[in-house]
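Residue numbers count from 1 along this sequence.
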Amino acid sequence: MNVTPVTEKDYPAFEKLFCYYYEELDCEDEPLHLFREYVLPDLKANLFEAAAVLQGETLAGFIIFQTDDVLNDWNFKEGCGDVRELYVCPAARRQGLGSALLSFAEERLWQAGVKEIYTLPTEESEKFFINRGYTDTGEYCPEADNKVFGKTHAK
């Protein structure tokens, strides 16, 4: 298992995984359009970071994360780290890949100086984040229709 930043060579596999992810979420938006019109341009503009986990030679999951800033379209908690998306292929789940992706993103965000990281988990993924030290902050994000879970840096 190897977690690395997404690079240009990863874009085709990243696009494919992103589409699987959005189809699994059963969102109304067309995943390919979202990826090509928003995700990829924002990644290329360094508005967020993305990392992928390889299982052998195959891209098996990804994480998208950022430090919220007024320059980003998505700026829910300015100055905080934001785990925006986390996905592992169904066949590769429960093997530690999601935890490895999350640890990678957390380390990058802590190194960038954030004091708090938050995420907006689905009901199905709440337990995953709780098991990794996140707690329900009592906040709610109406735009995403989700509870806010957070983790504070323990130095």
Inset, instruction - Answer whether the closest heavy-atom distance between the side chains of Tyr20 and Lys16 falls below 4.5 Å. - result: yes
Legend entry - Side chain proximity check, Pro5 to Glu49, heavy atoms < 4.5 angstrom: no
Hey, what do you get for [atom1] ([X]) to [atom2] ([Y]), rounding to the nearest 0.5 Å?
X	Y	atom1	atom2	answer
Glu116	Trp110	CD	CH2	8.0 Å
Asp29	Glu37	CG	CD	12.5 Å
Cys19	His33	SG	NE2	12.0 Å
Phe14	Leu59	CZ	CG	8.5 Å
Glu78	Thr67	CD	OG1	11.0 Å
Gln66	Arg108	CD	CZ	14.0 Å

Inset, instruction - Test Glu15 against Leu32 for side-chain contact (heavy atoms from CB on, under 4.5 Å), laying out the working first. - result: CA-CA 7 Å; Glu15 176 183 272; Leu32 193 55; 3.5 Å; yes
Inset, instruction - Evaluate whether atom OH of Tyr38 has more than 12 neighbouring non-hydrogen atoms of other residues, nucleotides or ligands under 6.0 angstrom away. - result: no
Legend entry - Glu123 atom CD, neighbour heavy-atom count above 12 within 6.0 Å: no
How close do [X] and [Y] get, counting heavy atoms only, and between which atoms?
X	Y	value
Ala100	Val3	CB-CG2, 3.8 Å
Leu17	Ala60	CD1-C, 4.0 Å
Asp136	Gly138	OD1-N, 2.8 Å
Pro121	Phe129	CB-CD1, 3.8 Å
Gly150	Thr137	N-CG2, 3.5 Å

Flag yes if [X] and [Y] sit in one hydrophobic cluster, no otherwise; membership is Ile, Leu, Val, Met, Phe, Trp, Tyr, and two members link when side-chain heavy atoms are under 4.5 Å apart.
X	Y	value
Phe62	Phe128	no
Leu25	Phe65	no
Ile117	Ile63	yes
Leu97	Val6	no
Val39	Val53	no

Legend entry - Exercise: do Tyr118 and Asp82 side chains pair donor with acceptor under 3.5 Å: yes
Inset, instruction - Decide side-chain contact (heavy atoms from CB on, under 4.5 Å) for Thr135 and Ile130; before the verdict, give the C-alpha distance in whole Å, the side-chain angles of both, and the deciding distance to 0.1 Å. - result: CA-CA 6 Å; Thr135 58; Ile130 290 168; over 6 Å; no
Legend entry - Pair Phe149 + Tyr134: ring centers closer than 6.0 Å: no
Inset, instruction - Before accepting this row, confirm whether a basic side-chain N of the pair Glu8/Lys44 lies closer than 4.0 Å to the acidic partner's carboxylate O. - result: no
Inset, instruction - Could you tell me whether Arg93 and Glu24 make a salt bridge, using a distance below 4.0 angstrom between a side-chain N and a carboxylate O? - result: yes
Legend entry - Lys151 side chain to Arg132 backbone, donor-acceptor under 3.5 Å: yes
Inset, instruction - Please confirm whether the backbone N or O of Gly96 pairs with a side-chain atom of Ser99, one donor and one acceptor, at under 3.5 Å? - result: no
